[in-house]
Number of protein chains: 2
Amino acid sequence: MAHETEMEAPVCAESHQPASVEGPPLEIEESQQMAEFFGILADPTRLRLISLLSLSESCVCDLAEGLAISESAVSHQLRALRNARLVRYRKSGRQVFYRLHDHHVLSLYETVREHLQE
Amino acid sequence: MAHETEMEAPVCAESHQPASVEGPPLEIEESQQMAEFFGILADPTRLRLISLLSLSESCVCDLAEGLAISESAVSHQLRALRNARLVRYRKSGRQVFYRLHDHHVLSLYETVREHLQE
DNA sequence: CAAATATATGAGCGTATGTTCATGTATTAG
DNA sequence: CTAATACATGAACATACGCTCATATATTTG
């Protein structure tokens with residue numbers, strides 16, 4: 001998006017890499033999927049929901065009470081977690097019980113917690 | 001907000017914790033720190049930078065060329081990665097060479113990649 | 001010295017995101 | 001049936017974010 005009147009973009013004189021390697025750079029589309037996923041974890045409310053769900057399966061109203069926020073907010077955030085396949089749910093009467101989907105969630109959660117405590 | 005058909009949520013016993021690694025619900029302040037950190041990874045450009053840096057130390061202009069984006073954009077994003085202690089850097093003349101800070105970064109990167117391939 | 005290079009950064013703009021509020025859909029109680 | 005409960009969802013508003021552009025700083029070169 002600039003002003004390259006020459007045929008090649010001016011690169012550093014030193015230290016270049018082979019232009020197209022197989023691995024990196026990460027494909028744009030895959031980077032967007034990963035970014036979207038990390039974005040799901042980039043919210044205090046959703047992380048606190050995950051922390052509660054790491055203890056036990058819970059319904060929406062208990063989650064709302066546990067975090068002292070509205071059930072609407074909880075429901076909105078649970079949808080995000082659902083779409084990212086971070087939580088599962090089962091219906092029981094009027095209630096819907098949520099739980100963590102798999103081990104990856106807690107793995108990420110713990111890794112970041114460790115990183116921040118250095 | 002609670003109901004009587006099920007037991008009360010087994011959460012939030014109002015006990016105070018040692019502010020280190022304790023159980024749910026996650027403290028608001030810690031949840032914000034973690035969210036901020038995940039937010040750093042929630043961007044396609046930063047993830048692609050990380051993928052490049054997982055290969056080798058690189059200077060800003062090589063990163064910009066590798067991703068075909070402006071050096072300004074790269075520099076802005078590197079600052080974010082720097083503030084989150086995800087990358088280190090060293091100066092060499094006019095150039096600044098960046099590299100990944102520790103193993104946590106790649107660990108998170110790989111975990112999410114696995115998760116998305118299921 | 002001045003010019004060129006390599007990077008950093010503040011301002012501004014367009015877009016994405018999280019909340020509240022109002023409403024909709026199921027399910028149960030009376 | 002109607003009312004109440006539990007949850008989901010669309011709209012709207014305020015905030016946050018990433019980019020471009022212009023400019024600033026530092027280093028090397030002539």
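When reading the values below, keep in mind they use all heavy atoms of this one structure, side chains included, and skip hydrogens, waters and symmetry mates.
Spacing between atom CD of B:Q32 and atom P of C:dT17 amounts to 19 Å, rounded to whole angstrom units. As rounded to whole Å, 11 Å separates atom P of D:dG18 from atom CG of B:L47. A straight line from NZ of A:K91 to C1' of D:dT5 spans 15 Å, rounded to a whole angstrom. Rounded to a whole Å, the CG atom of B:L67 is 12 Å from the P atom of D:dT20. The distance from atom CD1 of B:I69 to atom P of D:dG18 is 12 Å, rounded to the nearest whole Å.
Residues passing the side-chain contact (heavy atoms from CB on, under 4.5 Å) test with B:A64 are B:E71, B:V74, sequence neighbours excluded. Listed by chain and residue number, B:S70, B:H76 satisfy the side-chain contact (heavy atoms from CB on, under 4.5 Å) test with B:S72 (two or more places apart in sequence, or in another chain). Applying the side-chain hydrogen bond (donor to acceptor under 3.5 Å, both in side chains) rule to A:R48 yields no partners; only residues at least two apart in sequence or on another chain are considered. Partners of A:H101 according to the side-chain hydrogen bond (donor to acceptor under 3.5 Å, both in side chains) rule, which considers only residues two or more places apart in sequence or in another chain, do not exist here. The side-chain contact (heavy atoms from CB on, under 4.5 Å) search around B:S54 returns A:P24, B:L100, B:L106, not counting sequence neighbours. Judged as a side-chain contact (heavy atoms from CB on, under 4.5 Å), and not counting sequence neighbours, the contacts of A:N83 are A:R79. In terms of the ring-ring contact (aromatic ring centres under 6.0 Å, His included) criterion, A:F38 has no residue partners (sequence neighbours excluded).
Contact annotation: A:T45 side-chain N/O to C:dT19 OP1/OP2 distance is under 4.0 Å. The phosphate of C:dT17 has neither OP1 nor OP2 within less than 4.0 Å of any side-chain N or O from A:Q77.
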(message) Using a 4.0 Å heavy-atom cut-off to protein, can you give one letter per nucleotide of nucleotides 8-16 of chain C, 5' to 3': B if the base is in contact, S if only the sugar-phosphate is, - if neither?
(response) BBB------
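Sorted by first and then second residue, the salt bridge (Lys or Arg N to Asp or Glu O under 4.0 Å) pairs involving residues 84-95 of chain B (not counting sequence neighbours) are B:E57-B:R90. Annotation: salt bridge (Lys or Arg N to Asp or Glu O under 4.0 Å) contacts involving residues 101-116 of chain B, sequence neighbours excluded, comprise A:E30-B:R113.
Distances from the side chain of A:Q95 to the nucleotides D:dC7, D:dC19, C:dT19 place D:dC7 closest.
For the segment residues 34-43 of chain B, no residue has any heavy atom less than 4.0 angstrom from an atom of DNA chain C.
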N/O contacts under 3.5 Å, protein versus nucleotides 1-5 of chain C?
| from | atom 1 | to | atom 2 | distance (Å) |
| --- | --- | --- | --- | --- |
| C:dT5 | O4' | B:R94 | NH1 | 3.4 |

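The aromatic rings of A:F37 and B:H115 lie tilted to each other, with the angle between the two planes from 30° to 60°.
Taking CG of B:L67 as the start and CG of B:L49 as the end, the distance is 5.0 Å to the nearest 0.5 Å.
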